[in-house]
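One structure below.
First listed ligand is number 1; within each ligand, the first listed atom is number 1. We use all heavy atoms of the structure for the numbers below, so side chains are in, but hydrogens, waters and symmetry mates are not. Given the structure is predicted, the values throughout are model-derived calculations rather than measurements. Residue numbers count from 1 along this sequence.
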Amino acid sequence: MSNDKKNPASAAALPALPSNFLRAIIENDLAAGTHTRDGMPNVITRFPPEPNGYLHVGHAKSICLNFGLARDYNGRCHLRFDDTNPEKEEQEYVDTIIDSVKWLGFDWNWQGPNGNEVHLHHASDYFDQLYTMAEYLINEGYAYVDSQSAEEMAANRGNFNTPGVNSPFRNRPREESLQMFRDMKAGKYKDGEHILRAKISEDAMSSPNMNMRDPAIYRIRHEHHVRTGDDWCIYPMYDYTHPISDALENITHSICTLEFQDHRPFYDWLLETLSKGGFFTLPVPKQYEFSRLNLTYVITSKRKLRQLVEDGVVTGWDDPRMPTIVGLRRRGYTPESIQLFAERIGVTKSDGWIDMSTLEGCVREDLDPKAPRATAVLRPLKLIVENFPADASEPCSCPVHPHHPEMGVRNFTFTRELWIEADDFMETPTKGYFRYTPPVGDQPGSRVRLRHGFVTECTGYDKDDNGNVIAVRVKYFEDSKSGTPGSDNYKVKGNIHWVSAADCLEAEVRLYDRLFTDPQPDAGGKDFMAALNPNALETVTAYLEPGMKDAAGDQRFQFERHGYFVADRVDSQPGKPVFNRIVTLKDSWTAK
Ligand code: ATP
Ligand code: MG
């Protein structure tokens, strides 16, 4: 439980917050006053994406965690682009990341003593400072310019079992390294000709931690950078840039995924060393690791997601089958459902798999109380009400939401010709089937209530020349209309949905399903392309109740008996919505 008494509002918004090891660390720090500094909150976190792709559901976990902790402890969270790889980074990615974080419900503004502060940062904002600190490290004997080839460097690094070998350039005089580093910056060398490496200790090349073996901190890249243009031809490495950016931004808790655990000693060494040089005041940020999200039936590697896009397996990064945030959004997931998911899965330090049904359960749980209900016939079969006049129509209505009368009513008409689901009729019924079945001998056909309409009795059916059932015939009972006195004298076991053939809306409905049939499509180096679900998308022409023509992009509904659907934000036109299935009503998934 959070014991943050200073912030009753956020505690009320999120009752009974489950504790986790990160909350415990933060609460200890709050109690000890570890990060008490003037004009700053006690908790400052950050989300540091590299703008080289679209964010996915794994990033969503990290966003909800970092921004969520800042929210819950009255702190702030920075969005920082880790833009140190000019060749892979693009503005398109920066824009979509900003959009995605906002859509998830977070922002980087902070109301400080001097008003609003905007904490949207870029590592490239710090290129000058990063460079100055590198010169400091060289001057202090903590860094040197190495002139080995990439192959020599790799060979001399050793491996887990073999210590590394010192570079022949390791004892290059400081003045010489400094001059060469300046020449690297001035563009006098080609890519890869030299590199700046840290020298953590005399025997660092035999450290059991490979990340401590003279890690590279600057490399030459003659590349145009999205933000700094051609100002630089040397770029700092991630492991060097990240701790410094954290410290410059006064981050208190630098939270990352477990693969960075072995990078932590360098993180700590670098900040401690630079603090001695007067670049930072204590306390410097501390790094904490949690386990990344692995979700079944999903891949969360940017590289593999890009392959799905580039190979045309999906229509784009925002294809509703993609686990990207833009894909989940277009699929119809709500920000609230993703936040709920992040809370529910919690954070730990142990690797595991979360079942896709957990995410699906969260969107059902979020939408059930708020999604308007609607009727959609996805696989239509004609129903003919033989004793209802062809030119008549009977107005019917029902609540928009069964538990929220304030949401109003839906209106539609009952006519002689209706559409029902094809599987609501069975010529030869199986045991326990309570929907339409035809008369057999003296036995009348089954009685079924047409929801919010009338009770009907099956009188027969029509087939085409190929033996396919093309229409079901029924008679209706005039005194059985739902909501009228005496209507419940009719006891029927079947209760189905329908729309009027005379006034329904024809619409494209996309029945999305999981993208893979294998719960761990890329585990153990498996070929994930071989596990694609051929039924991940089925497009049907459905008949919907007439009011649905006004559905606007991003509006979500529960199509009764089917599941939750959203009007596609890209393809819907005014008066002509296209719907995506978000999730079925029940968790009954099996690979077809
Ligand atoms: P890359 O291989 O391009 O570095 P990445 O997925 O690590 O890919 P980043 O942009 O570096 O992408 O990630 C930003 C943040 O999101 C990092 O702090 C990272 O730890 C976190 N993150 C990435 N994937 C997951 C995941 N599956 N679960 C939780 N957090 C994740
Ligand atoms: Mg990364």
Checklist entry - Quick one: does H56's side chain have a donor or acceptor within less than 3.5 Å of a partner on T300's backbone? => result yes
Next on the checklist: Residue-level breakdown please: for H56 versus ligand 1, do any non-hydrogen atoms fall below 4.0 Å on the side chain, on the backbone, on both, or on neither?
Outcome noted: side chain
Item to check | Per-residue contact class, N52 against ligand 1 - non-hydrogen pairs under 4.0 Å | outcome: side chain
Shortest reach to [atom] by a heavy atom, considering only [options]:
atom: atom 25 (C) of ligand 1; options: P48, P323, P49, G58; answer: G58
atom: atom 19 (C) of ligand 1; options: D82, V57, N85, T257; answer: T257
atom: atom 6 (O) of ligand 1; options: H242, E259, H59; answer: H59

Checklist entry - Do V570 and R330 have side-chain heavy atoms sitting under 4.5 Å apart? => result yes
Checklist entry - Would R514 count as a cation-pi partner of Y297, with NZ or CZ less than 6.0 Å from the six-membered ring centre and within 45° of the ring normal? => result yes
Checklist entry - Is K185 positioned over the aromatic face of Y131, cation under 6.0 angstrom from the ring centre and no more than 45 degrees off axis? => result yes
Item to check | ligand 1 to L293 polar contact by distance, N or O atoms, under 3.5 Å | outcome: yes
Checklist entry - Is there at least one pair of N or O atoms, one from K302 and one from ligand 1, spaced under 3.5 Å apart? => result yes
Next on the checklist: Out of all atoms in ligand 1, which are within 4.0 Å of some heavy atom of E50? Include the element for each.
Outcome noted: 9 (P), 10 (O)
Checklist entry - Passes side chain to side chain contact (heavy atoms under 4.5 Å, CB included), Q148 versus R197? Steps please. => result CA-CA 11 Å; Q148 295 181 98; R197 297 178 77 177; 3.5 Å; yes
Checklist entry - Under the side chain to side chain contact (heavy atoms under 4.5 Å, CB included) criterion, do D319 and V309 qualify, and how do the steps go? => result CA-CA 9 Å; D319 186 296; V309 173; over 6 Å; no
